[in-house]
Amino acid sequence: MYSSIDSFMERVTAKNPGEKEFHQAVYEVVESIWDFLQENPHYVHAKIMERIIEPERVLMFRVPWRNDRGEIEINRGYRVEFNSAIGPYKGGLRFHPSVNLSILKFLGFEQVFKNSLTTLPMGGGKGGSDFDPKGKSDNEVMTFCQSFMTELYRHVGPNTDIPAGDIGVGGREIGFLFGQYKRIRNEFTGILTGKGLNWGGSLIRPEATGYGAVYFAKEMLNTRGESFEGKTVAISGSGNVAQYANEKINQLGGKVVTLSDSNGSIYDPDGIDEEKLQFIMELKNVKRGRIKEYAEKYGCEYWENKRPWKAQVEVAIPSATQNEINKEEAQMLVDNGCVCVAEGANMPCEPEAIEVFHEKEILFGPGKAANAGGVAVSGLEMSQNSMRLGWSREEVDQKLHNIMKNIHDACVKQGTKGEYVNYVKGSNIAGFIKVADAMLDQGVV
Ligand code: NDP
């Protein structure tokens, strides 16, 4: 039994030394559900919090491969199988040089709550490697993926663990991974989501996270009688989530004025319309170039090594990576008139930034609610694979829209105090209850 949040966190920090992103993710949850736990002591007595922060299994493995020059390279692979109380482990794979156990544990932990919020039967997991796909040839990426799957295949399965994409893992990588799994197991089963349409993928899966984040922001704005129509929006990143958030905002009448990558941001006050977005998609998904080339083509500002948050906008959708909005940037956004922030990425806002948003009572949608659309449609992909049929674009989009609306309603139900909805609290409590109750039902496991 812990007497305070601080004493609980001391134990977490001592047991998981150096894992600062994981500490941050645990703290955010514990802090927001602490009062709820005190009001529901059966969870405390059953030590659900102590159990839920401990991954069920952590796999770490060597990934040797040969580059185009014939040299051997060694990367490290991971799969964190965090919680399977409500379904098989489900969560993406991240290929990025920054990947380490702390980052994957934070992502896996968040995934448990996120997946619970979708109302679909999915547990939480996350994995990846410190492999950097940037600057690698298609052949090198394939060779790496094949080596990665040569170990991972024994740990995944359609009823065990079903990875998907994340940073650095898109359609190309999922294809190479799936091909190798099939070759080893001689089995065509839905062990990955985000697959190509011709081989078991779902319509709307590529769009789902970005579209979902915008649907969630739309619901938040709606609580204040507002909409995207005529609103100016800042998005960070220019990958999968950012691109489709941009597309959906355009469809809803908003104007996206920023995108970014790890080298800098572009600021286009005229808005990134459909035609310009096509250029971005070609640049990022096919040519694999830098965002700077957009500024050169369209003659707009390029902010070298800067994040986009100084832009004057009413809505912000951070969609690149963790900890990309700090306290000062949050303050700047609010001072410039931002009324709504929806996290397309996982944990992009530092805790002090979230405090600013809460103090100023602007609409703030945390990633585990706002970006749950991706995994939700992954869940729908799994259902279609099991049934061996495919739903239409409209059907999947409608289901995604409903799921985002339901997640929003759950957050409002659990997070409203007075007039203000604390979506962090709402999503954490709503996500927690379902998993915790399942854990209680299943005994001490
Ligand atoms: P992509 O790899 O498609 O795109 C990532 C984008 O973010 C790129 O523009 C990349 O720039 C930029 N970026 C990555 N790391 C950094 C960094 N350290 N600093 C600055 N910019 C960075 O990934 P996704 O769009 O899939 O994922 C983006 C975020 O959304 C992640 O937090 C992910 O966990 C989250 N998410 C993704 C889901 C999905 O379905 N894809 C589902 C739910 C959440 P560069 O090209 O220069 O590296």
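Computed from heavy atoms alone, side chains included, the values below leave out hydrogens, waters and symmetry copies. In each ligand, atom 1 is the first atom listed, and ligand 1 is the first ligand listed.
Closest to atom 39 (C) of ligand 1, if we only count protein heavy atoms, is T209 OG1, 3.3 Å. Scanning the protein for heavy atoms near atom 29 (C) of ligand 1, the closest one is A320 O, 3.3 Å. The nearest heavy-atom contact from the protein to atom 41 (N) of ligand 1 is N240 OD1, 3.5 Å. Counting protein heavy atoms only, atom 4 (O) of ligand 1 is closest to G239 CA, 3.3 Å. Closest to atom 18 (N) of ligand 1, if we only count protein heavy atoms, is T321 CG2, 3.7 Å. Looking at atom 15 (N) of ligand 1, its nearest protein heavy atom turns out to be H96 NE2, 3.6 Å. Nearest to atom 24 (P) of ligand 1 among the protein's heavy atoms is V241 CG2, 3.9 Å. The closest protein non-hydrogen atom to atom 45 (P) of ligand 1 is S262 OG, 3.5 Å.
A side-chain donor-acceptor contact under 3.5 Å links E28 and N428. Remark: the D68 side chain and the S137 side chain contain an N/O donor-acceptor pair separated by less than 3.5 Å. Using modelled atom types, one finds no donor on one side chain facing an acceptor on the other under 3.5 Å when comparing Y302 with E296. Side chains of H401 and K218: a donor-acceptor N/O pair is present below 3.5 angstrom, by distance only.
Less than 4.0 angstrom separates some heavy atom of R94 from each of these atoms of ligand 1: 31 (C), 32 (O), 33 (C), 34 (O). Close approach to R290 involves these atoms of ligand 1, each under 4.0 Å from a residue heavy atom: 45 (P), 46 (O), 47 (O). Interface of N371 with ligand 1, defined as ligand atoms under 4.0 Å from a residue heavy atom, comprises 43 (C), 44 (C). Every atom of ligand 1 with a heavy atom of S319 under 4.0 Å away is listed here by number and element: 28 (C), 29 (C).
Residue-level proximity to ligand 1 for S260 is carried by the backbone, the only part with a heavy atom below 4.0 angstrom. Contacts of E324 with ligand 1, taken as heavy-atom pairs under 4.0 Å, are absent altogether. Contacts between R205 and ligand 1, counted as non-hydrogen atom pairs separated by less than 4.0 Å, involve the side chain only.
With a 6.0 Å radius and a threshold of 12 heavy atoms from other residues, nucleotides or ligands, K405 has its NZ atom at or below the threshold. Applying the 6.0 Å contact sphere to NZ of K425 captures no more than 12 heavy atoms from other residues, nucleotides or ligands.
Ring centroid separation for the pair F178 and F188 comes in under the 6.0 Å cut-off. A centroid separation of less than 6.0 Å is found between the aromatic rings of F216 and Y423.
Taking a cutoff of 4.0 Å between a charged side-chain nitrogen and a carboxylate oxygen, R66 and E73 do not qualify as a salt bridge. The existence of a salt bridge linking K287 and E282 is excluded, since no basic side-chain nitrogen approaches an acidic carboxylate oxygen closer than 4.0 Å. Salt-bridge check for E381 with R205: failed, with every basic side-chain N at 4.0 Å or more from each acidic carboxylate O.
Atom CG of residue N250 and atom NZ of residue K255 lie 11.0 Å apart, to the nearest 0.5 angstrom. Atom NZ in K327 sits 13.5 Å away from atom CD1 in I354 (nearest 0.5 Å).
Under the 4.5 Å side-chain criterion, counting only non-hydrogen atoms from C-beta, P318 is in contact with W309.
Within the structure, ligand 1 lacks Q243 among the residues with a heavy atom less than 4.0 angstrom away. Within the 4.0 Å heavy-atom cutoff, G344 counts among the residues contacting ligand 1.
For Q322, no nitrogen or oxygen atom sits less than 3.5 Å from a nitrogen or oxygen atom of ligand 1, counting backbone and side chain alike. Residue-to-ligand polar distances keep K126 apart from ligand 1: every N/O pair is separated by 3.5 Å or more. For G168, a nitrogen or oxygen atom sits less than 3.5 Å from a nitrogen or oxygen atom of ligand 1, counting backbone and side chain alike. Between S238 and ligand 1, a contact under 3.5 Å exists for at least one N or O pair. Considering both main-chain and side-chain atoms, N346 comes within under 3.5 Å of ligand 1 through a nitrogen or oxygen pair.
Under the 4.0 angstrom criterion, atom 10 (C) of ligand 1 counts as lacking any protein heavy-atom contact.
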